[in-house]
Engineer: 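Here's a structure for you.
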Amino acid sequence: MPGVHVSTTVNGDRLDFVCEPEETLLDCLRDRLGLTGAKEGCGTGDCGACSVILDGRLVCSCLVLGVEAADREIETVEGLADGDHLHPLQRKFLEHAALQCGICTPGFLMAAKALLDHNPSPSEEEIRFGLAGNLCRCTGYDKIVRAVQDAAKELQGD
Amino acid sequence: MIGAKPQGERVRVTLWGSLRSAAEGRDTVEVEAATIRELFSRLGKSYPGLKPFIDRGIAVSINGQIFRDSWSQSIPKGAEVYLLPRIAGG
Amino acid sequence: MPLDVKPDLKREFDVVGTRPLRPDGIDKVTGRARFGADATAPGMLIGRILRSPHAHARIRKIDTKKAEQLAGVKAIITRDDLPDHSNGERGTYDVLYNCMAREKALYEGHAVAAVAAVSAAVARQALKLIEVDYEVLPHVTDVDAAMKPDAPVIHDNIFTEGVEPKPDKPSNVARRSEFGHGNVEAGFRECDVVVAKSYRTEATHQGYIEPHACLASVSPDGSGELWVCTQGHFMIRNVSAQVLGMEISKLRVTASEIGGGFGGKTHVWMEPIALALSRKANRPVKVVMTREEVFKATGPTSSTSIDVKIGARKDGTIVAAEAVLRYQGGAFVGSWADLGAMTAFACYDLKNVRTVGYDVIVNRPKTAAYRAPSAPMAAFAVESTIDELARKLGIEAIDLRIKNAAREGTRSSYGPTYGPIGIGATLAAAKNHPHMSAPLGKNQGRGMACGFWFNFGGQTCTSLNINLDGTVALSVGTPDIGGSRASMCLMAAEELGIPYEKVRCVVADTSSLGYNDVTDGSRVTFSSGMATILAARDAIRKLCGRAAQMWGISAEAVVWEKGHAKPAGPNAGEFPPLSLKEIAAAAATTGGPIAGHHEFNADGAGVSFATHIVDVDVDRETGATKILRYTVLQDAGKAIHPAYVEGQFQGGAAQGIGWALNEEYIYGEDGRLQNAGFLDYRIPVCSDLPMIDTVILEIPNPKHPYGVRGVGETSIVPPLAAIANAVSNAVGVRMTHIPMSPPRILKALEGRS
Amino acid sequence: MRYEAPVSVEAASTLLSEAPGQSFVLAGGTDLLVRMKGGFVEPDLIVDIKHIAALQEIRLEKDGFVIGAAVPCAALSENAELRKQWPGVVEAANLIGSKQIQGRCTMVGNLCNASPAADSVPALIAAGAKVRIRGRKGTRSAAVEEIPVGPGRTSLAKGEFIEAILLKKRKPRSADAYLRFIPRSEMDIAVVSAGVDLELDKAGAVAAARVALGAVAPTVKLVEAAAAAIIGSKLEDKALQALAEACSAACQPINDKRGTIEFRTKVAGVLARRAAQIAFQRAGER
């Protein structure tokens with residue numbers, strides 16, 4: 001079966017790839033574009049490890065077809081830092097020890113970014129529900145919530 | 001070392017329940033041993049039923065400290081010695 | 001055993017106990033860290049595994065002809081490609097059998113064939129073309145049902161071990177184990193109050209977010225490379241080599257970053273399959289499990305059925321305690337009941353105690369270790385019964401525990417006598433914690449429970465190289481599963497007297513370092529930590545020797561203080577101290593590279609205890625339980641990096657909460673798992689939990705130079721019982737079946753009214 | 001598999017009508033992609049309707065709201081007027097999955113997936129919502145409850161697809177509410193659910209009511225007896241009790257991995273009662 005040519009924008013870069021129509025955006029990011037920051041934890045939209053931001057909305061890239069990415073804008077964890085300046089969320093995750101194994105971290109960072117983009121000063125409850133689509137099995141979420149609270153505070157202060 | 005005389009003191013060893021059937025129903029046995037290696041070797045000879053357990057891996061508690069693989073560990077005089085299953089962890 | 005490991009209890013630490021950023025952190029927040037599925041290789045193929053749809057079936061024939069003819073298929077393997085190299089060694093044979101079914105498929109999800117193809121799509125299509133002729137056999141998945149005399153017998157060569165006389169018929173009961181001391185029958189006769197109850201717990205999965213993944217590359221000359229997410233790459237190397245009949249030295253295994261394990265990645269599941277596919281195709285092959293495969297073919301815990309009986313005098317002294325514990329180990333022999341039976345009463349000082357464990361085989365995936373394996377279920381049963389006993393005695397639950405807690409000198413329920421231990425300290429801290437006296441609302445209740453885990457050490461090897469510029473390269477052999485590289489760097493820096501940032505720690509591959517046991521048993525900070533400290537001391541000895549050369553004095557006349565070599569005293573001569581950096585810079589002319597090593601069996605891990613307090617709110621009309629507040633109090637021995645110690649406490653508590661309330665393997669009548677996904681296997685989400693407060697107690701382990709005990713596992717032991725006790729205190733129903741899902745709680749509430 | 005992204009409903013209709021084999025509409029894809037990956041469906045054609053501008057809009061027309069089939073659920077709560085008039089429907093739609101799912105999933109997808117546990121469907125049925133269906137020969141409309149005919153099955157003919165959901169203009173003193181029971185606080189499929197829409201008379205008593213239950217039968221159940229039990233009342237305890245009993249009596253659930261017959265039967269009544277109280281309070285405030 002012939003592949004489909006897709007032109008898209010990832011982290012501000014115009015990129016092209018060829019994929020099968022049934023391939024997911026996650027597979028395309030990882031296998032076609034070499035962006036392995038998004039992880040496959042379940043493949044069914046239940047864990048959030050593959051979270052990316054698609055045209056401003058948080059999505060599970062495992063539940064998006066690669067062909068749907070045509071002419072759209074995708075943000076992934078690889079684009080979160082500004083050059084060698086970590087995004088405040090990245091820094092706060094490190095400072096608060098909000099990761100143990102780190103497999104869920106890229107998804108959490110993207111979910112937290114989407115949350116703070118829409119709601120710059122969320123309550124603890126809003127953070128918890130905003131991140132409920134991301135599973136973490138290591139931390140019990142405590143330090144993740146604190147890191148997001150702290151990052152929100154810093155971003156608000158800027 | 002074949003035929004060497006035991007160097008150790010008599011050690012009183014407590015067995016956990018499942019081992020008892022392999023040691024003629026005893027819950028404690030006594031052998032002469034100065035190290036875990038000697039302990040296993042003498043136990044295996046005196047109680048052949050214990051041999052398969054030892055081969056599969058047994059832990060030894062000496063005065064409350066559990067040893068899994070340190071067969072050269074010495075056994076002090078009068079030590080409290082227990083045989084225990086090898087523990088798995090997560 | 002190393003000599004100088006005795007801790008200096010008065011030691012003031014410079015960097016140990018601080019909270020620096022982890023060295024692998026930036027890679028993990030930028031997406032750069034490479035986990036199991038993130039590797040690729042030139043010419044790589046994709047491997048996929050065909051699995052049995054039946055819980056128990058004889059495999060009459062496997063026909064791969066059609067699949068072989070599919071364009072893009074490069075290799076197919078079945079049981080015929082995997083000859084038995086076990087030499088009668090049961091453990092190796094079981095791994096082989098679990099990796100690929102032989103005469104029978106023993107559980108739904110048991111591998112029966114595997115394909116390597118040019119793409120995942122072709123591999124998937126090829127699996128559909130493989131024809132397997134099954135003769136479906138009767139199955140059993142329930143632990144109690146499997147013990148019945150008329151149960152389908154899964155292995156015809158298993159005769160219950162540990163019973164007299166030896167059985168002459170095979171059965172699913174692999175083993176009976178017994179622990180304890182005193183005279184339990186006589187003890188119960190002395191009691192004023194006796195509580196006896198039966199409990200059940202359902203199987204749970206470790207639920208690591210990263211599915212198993214590996215990339216294998218084997219050449220026709222028999223040499224191979226394997227990249228794999230595992231808790232123990234040396235174990236993977238040895239076991240895979242044994243299973244495949246390879247020479248160990250020809251297989252180099254590299255541990256990827258690991259996306260959680262909790263015990264589930266301490267076993268070999270499919271790595272030999274990837275190696276065998278690669279060997280046959282003569283191409284690199286990557287195999288990544290789907291989440292469904294992870295649930296169906298790896299790592300669950302035992303489901304259990306436990307009877308507990310505890311008796312006390314009116315004053316609250318527990319005189320006798322007894323438990324019978326039945327644990328299923330899946331389709332292969334395990335020793336999971338042993339661990340339940342050993343840990344059940346470990347928190348208490350008991351004159352008369354007996355526990356009996358039965359290891360049972362059923363048609364489910366092979367049970368794997370899960371964080372203090374087997375202890376949470378036993379603790380659930382015992383600690384629930386303790387609360388019932390307290391209620392009957394009219395004594396506060398915490399006071400009953402304090403009165404009967406084990407202490408230094410107590411003969412443990414599993415045998416040995418305890419040294420200094422922390423159960424009393426955690427209970428005292430719990431009693432005085434503000435959480436204990438906080439007000440509660442209607443339908444709310446508070447519960448508490450204690451937990452125990454052994455911790456252990458094991459074979460360990462580390463290597464520490466002093467670089468030209470005075471920085472240090474530390475190689476350890478235990479995969480970093482939750483920040484251990486940071487702890488290793490802290491300990492090396494502490495010992496050498498240099499800044500934390502000057503040490504870089506890597507997890508070395510199997511060809512670069514001596515053998516290391518798996519990252520399990522809460523052993524890494526204890527044993528790799530101790531090996532690191534001792535390797536640093538080895539390096540210090542050499543650094544002092546080099547300084548002595550530079551000064552022209554004898555090596556014995558040099559001491560090491562705060563990162564510097566100094567003359568030992570006035571007699572040694574007057575020399576300004578030489579820094580590690582200065583000695584390193586001169587290494588080439590003083591004898592070449594400077595390195596410290598240590599390899600040993602790290603024995604002496606300290607047992608660990610925890611007490612948990614939890615508040616819940618129960619909706620009487622729906623049976624829903626909400627966790628309102630949670631506090632973990634645990635003995636860490638010494639917290640090297642307190643943030644990651646807290647993380648272990650919180651993570652274990654969260655997993656225990658999931659187990660207590662919602663997580664369970666649900667089997668249908670057909671023996672098939674009905675909820676093999678994160679949608680219906682419900683691990684806690686962020687909005688399910690409150691903040692989890694932690695109290696780190698430090699009762700030093702006398703067998704570690706810094707006093708470290710393991711901290712990783714104990715935290716999952718108390719939550720099941722703590723929450724059951726809280727539910728009982730909130731709405732007056734004693735839940736004896738875990739998980740306490742809303743339908744079960746509602747049923748209990750209705751049954752009572 | 002072929003992927004098409006037409007820009008008009010006519011083109012979409014033609015594609016769906018004329019393609020041989022299995023064809024599927026792709027809007028959010030949160031059900032379709034899961035089914036594809038699980039091997040439950042193997043589409044020959046996927047028609048992505050997100051490039052059809054009209055299907056991406058929420059329009060307030062004179063009779064009420066027209067919600068395009070490709071509008072993601074997250075967009076519903078961003079529409080203040082819709083949220084104000086139909087809080088129960090918006091709540092229900094916003095309970096589907098996580099934030100990630102919300103960014104993609106649609107109410108029409110939820111409806112056409114035809115699960116008895118679909119969150120938005122009981123709320124839509126309680127609301128008396130209709131759908132506009134596009135077929136080869138033009139459009140027709142139907143009540144939401146006419147669409148699912150059994151688990152995974154709809155009444156749509158080959159080539160037909162739903163263009164929009166139609167919600168009438170909210171009357172004075174009326175409101176809706178939706179509650180579901182899940183074991184966790186998020187991310188689960190409803191074990192049982194209830195949508196209630198109430199209209200009060202000037203005296204504050206219930207003048208009209210619609211009560212719909214999810215996950216208690218092969219399709220969502222509109223329970224007329226439950227509505228009758230509260231009409232004329234001000235939701236006094238007795239009326240609420242009768243409502244709950246009528247709901248429980250209407251349940252024909254199954255035992256499955258998510259819940260038991262007894263649990264669903266009991267909790268259906270509890271949720272309907274609680275949802276009715278929320279709707280009642282909302283209606284009273286209008």
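Values reported hereafter were calculated over all heavy atoms of this structure, with side chains retained and with hydrogens, waters and symmetry mates removed. Every chain is numbered from 1, with letters handed out A, B, ... down the list of sequences. Small disclaimer: the values here were computed from a predicted structure and weren't measured.
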Engineer: Under 4.0 Å between a side-chain nitrogen and a carboxylate oxygen: does that hold for Lys128(C) and Glu42(D)?
Structural biologist: yes
Engineer: Might you confirm whether atom CD of Glu4(D) has over 12 heavy atoms from other residues, nucleotides or ligands at distances under 6.0 Å?
Structural biologist: yes
Engineer: Can you tell which part of Asp688(C) gets under 4.5 Å to a heavy atom of chain D, answering side chain, backbone, both or neither?
Structural biologist: both
Engineer: Where do Pro743(C) and Gly259(D) come nearest, in terms of heavy atoms and distance?
Structural biologist: CG-CA, 4.5 Å
Engineer: Do you know which of Ile189(D), Thr260(D), Val192(D) has the most heavy-atom pairs with chain C at a distance under 4.5 angstrom?
Structural biologist: Ile189(D)
Engineer: When rounded to the nearest 0.5 angstrom, what is the spacing between CG in Asn662(C) and CZ in Arg184(D)?
Structural biologist: 7.5 Å
Engineer: Please examine the side chains of Leu661(C) and Pro183(D), heavy atoms only from C-beta on, and report whether any two atoms are closer than 4.5 Å.
Structural biologist: no
Engineer: Just wondering, do Leu679(C) and Met187(D) contact through their side chains at under 4.5 Å, heavy atoms?
Structural biologist: no
Engineer: If I take atom CD from residue Glu664(C) and atom NZ from residue Lys257(D), how far apart are they, to the nearest 0.5 angstrom?
Structural biologist: 12.0 Å
Engineer: Between Arg274(D) and chain C, with a heavy-atom cut-off of 4.5 Å, which part of the residue counts as in contact: side chain, backbone, both or neither?
Structural biologist: side chain
Engineer: If I measure from the heavy atoms of chain D, does Ser741(C) come under 4.5 Å with its side chain, its backbone, both, or neither?
Structural biologist: neither
Engineer: Working to the nearest 0.5 angstrom, can you tell me the gap between Leu271(D) CG and Thr622(C) OG1?
Structural biologist: 7.5 Å
Engineer: What part of Lys266(D) is in contact with chain C, defined as an atom under 4.5 angstrom from a non-hydrogen atom: side chain, backbone, both or neither?
Structural biologist: side chain
Engineer: Considering all heavy atoms of both residues, which atom of Phe181(D) and which atom of Ala624(C) are nearest to each other, and what is their separation?
Structural biologist: CE1-CB, 3.6 Å
Engineer: Would you say that Glu621(C) contacts Arg273(D) through its side chain, given a criterion of any heavy-atom pair below 4.5 Å between the two side chains?
Structural biologist: yes
Engineer: Closest approach of Leu746(C) and Val267(D), non-hydrogen atoms and distance?
Structural biologist: CD2-CG2, 3.8 Å
